[in-house]
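Here's the structure, in structure tokens; my notes come after.
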Amino acid sequence: MADYTRRAFLGFAAATAACAGVGGAAKAFAGDGDLLRPPGGQDEGALWAACVKCDRCRSACPTNVVGVAHVEDGLLQARTPVLDFHRGYCDFCGKCQECCPTGALGPFDPERDELGVAVVQKDRCIAYFEGCVECEKACPYEAIALDEAGHPVVDAAACNGCGVCENVCPALVYRSFAGGTRRGIVVVSPARYERLGTTVANDESEMMA
């Protein structure tokens, strides 16, 4: 009886280890699910199921903000559409959705839905070292205000993640010695914003790109 119990325990332990290994492989395959998607691509499951990686959305984008995910984002994610606010911003023109042949980019209402949320990076934001109001001036939704010290503050409820603020941020121009590609304000996915919160998202180790 004791021997049977020991064998059962060892079998259970082996199964647990195997499941953990599969889970790790699945995570590497699928990625972390925190990529910024074009309008209508916020349902990751539906996007993966329908996207044929034809690249039409990127070709149709008039602001050049649509790019593609890479292998390091997860094997399942590779070549699927993502937003790169260093290249452009989203004006919600709908052209990426119109040209999608499979419906992977579904309906999206910029008045109700959001691509992401802008988060100020205090260690990179020029306003924390000298005067800068570029993101506050550029925001088309008046989601960014300046506090008493002249630092930008984002109203998450008003922000829909269009990326104009990140696109115009001059941090990499004036503080290029800081390294990396992270600007003074970045847009993160709604899921990441909710999971990490602004306190953690502002941490350089979390946002370093």
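All residue numbers in this chain count up from 1 along the given sequence. Model, not experiment: these values are computed from the prediction.
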Check your understanding: According to a 4.5 Å side-chain heavy-atom criterion applied to Ile, Leu, Val, Met, Phe, Trp and Tyr, with indirect links allowed, do L115 and V164 form part of one hydrophobic cluster?
Key -> no
**Study point:** Transitive ILVMFWY cluster of L105, excluding itself - 4.5 Å side-chain cut-off
**Key:** L47
**Study point:** Hydrophobic cluster (4.5 angstrom, side-chain heavy atoms) - remaining members for V133
**Key:** L146
Hey, could you give me the [atom1]/[atom2] distance between [X] and [Y], rounded to the nearest 0.5 Å?
X: C125; Y: E130; atom1: SG; atom2: CD; answer: 10.5 Å
X: R79; Y: L75; atom1: CZ; atom2: CG; answer: 14.0 Å
X: C139; Y: N160; atom1: SG; atom2: CG; answer: 8.0 Å
X: I185; Y: N167; atom1: CD1; atom2: CG; answer: 12.0 Å
X: I144; Y: D155; atom1: CD1; atom2: CG; answer: 10.0 Å
X: S189; Y: L36; atom1: OG; atom2: CG; answer: 6.0 Å

Point to revise | Pairwise ring pair (Phe, Tyr, Trp, His ring centres under 6.0 Å) hits with a residue in residues 140-168, at least two apart | key: Y128-H151
Exercise for review: Just grab all the ring pair (Phe, Tyr, Trp, His ring centres under 6.0 Å) pairs involving residues 71-122, residues at least two apart or on different chains.
Suggested key: F92-F108
side-chain contact (heavy atoms from CB on, under 4.5 Å) involving [X] - partner list, sequence neighbours excluded:
X: A69; value: L35, D73, Q77, T80, V82
X: R87; value: N64, D84
X: A50; value: T102, A104
X: A145; value: none

Taking [Y]'s backbone N and O only, do any of them form a donor-acceptor pair with [X]'s side chain (distance below 3.5 Å, no angle check)?
X: E114; Y: G161; result: no
X: R183; Y: P170; result: no
X: K53; Y: V68; result: no
X: Q42; Y: G40; result: yes

Does [X] have any salt bridge (Lys or Arg N to Asp or Glu O under 4.0 Å) partners at least two apart in sequence or in another chain, and if so, which?
X: E134; value: K137
X: R37; value: E44
X: R58; value: D55

Review point. How would you list all residue pairs meeting salt bridge (Lys or Arg N to Asp or Glu O under 4.0 Å) that involve residues 97-112, not counting sequence neighbours?
Key: D109-R112
Non-hydrogen side-chain atoms of [X] and [Y] separated by less than 4.5 Å:
X: P39; Y: C90; value: yes
X: P38; Y: P81; value: yes
X: R56; Y: C100; value: no

Review point. What do you reckon, is CD of E72 surrounded by more than 12 foreign heavy atoms closer than 6.0 Å?
Key: yes
Practice item. Verify the distance criterion only: is there a donor paired with an acceptor across the side chains of Q121 and R182 at less than 3.5 Å? Key: yes
Point to revise | Minimum heavy-atom distance G184-C169, with the two atoms named | key: N-SG, 3.2 Å
Exercise for review: Report the C-alpha distance between V117 and R192 in whole Å, list the side-chain angles of each, state the deciding distance to 0.1 Å, and finish with yes or no for side-chain contact (heavy atoms from CB on, under 4.5 Å).
Suggested key: CA-CA 9 Å; V117 182; R192 186 171 188 179; over 6 Å; no
Practice item. For the pair L83 and V66, evaluate side-chain contact (heavy atoms from CB on, under 4.5 Å) and give the outcome as yes or no after the intermediate values. Key: CA-CA 5 Å; L83 298 178; V66 179; 4.2 Å; yes
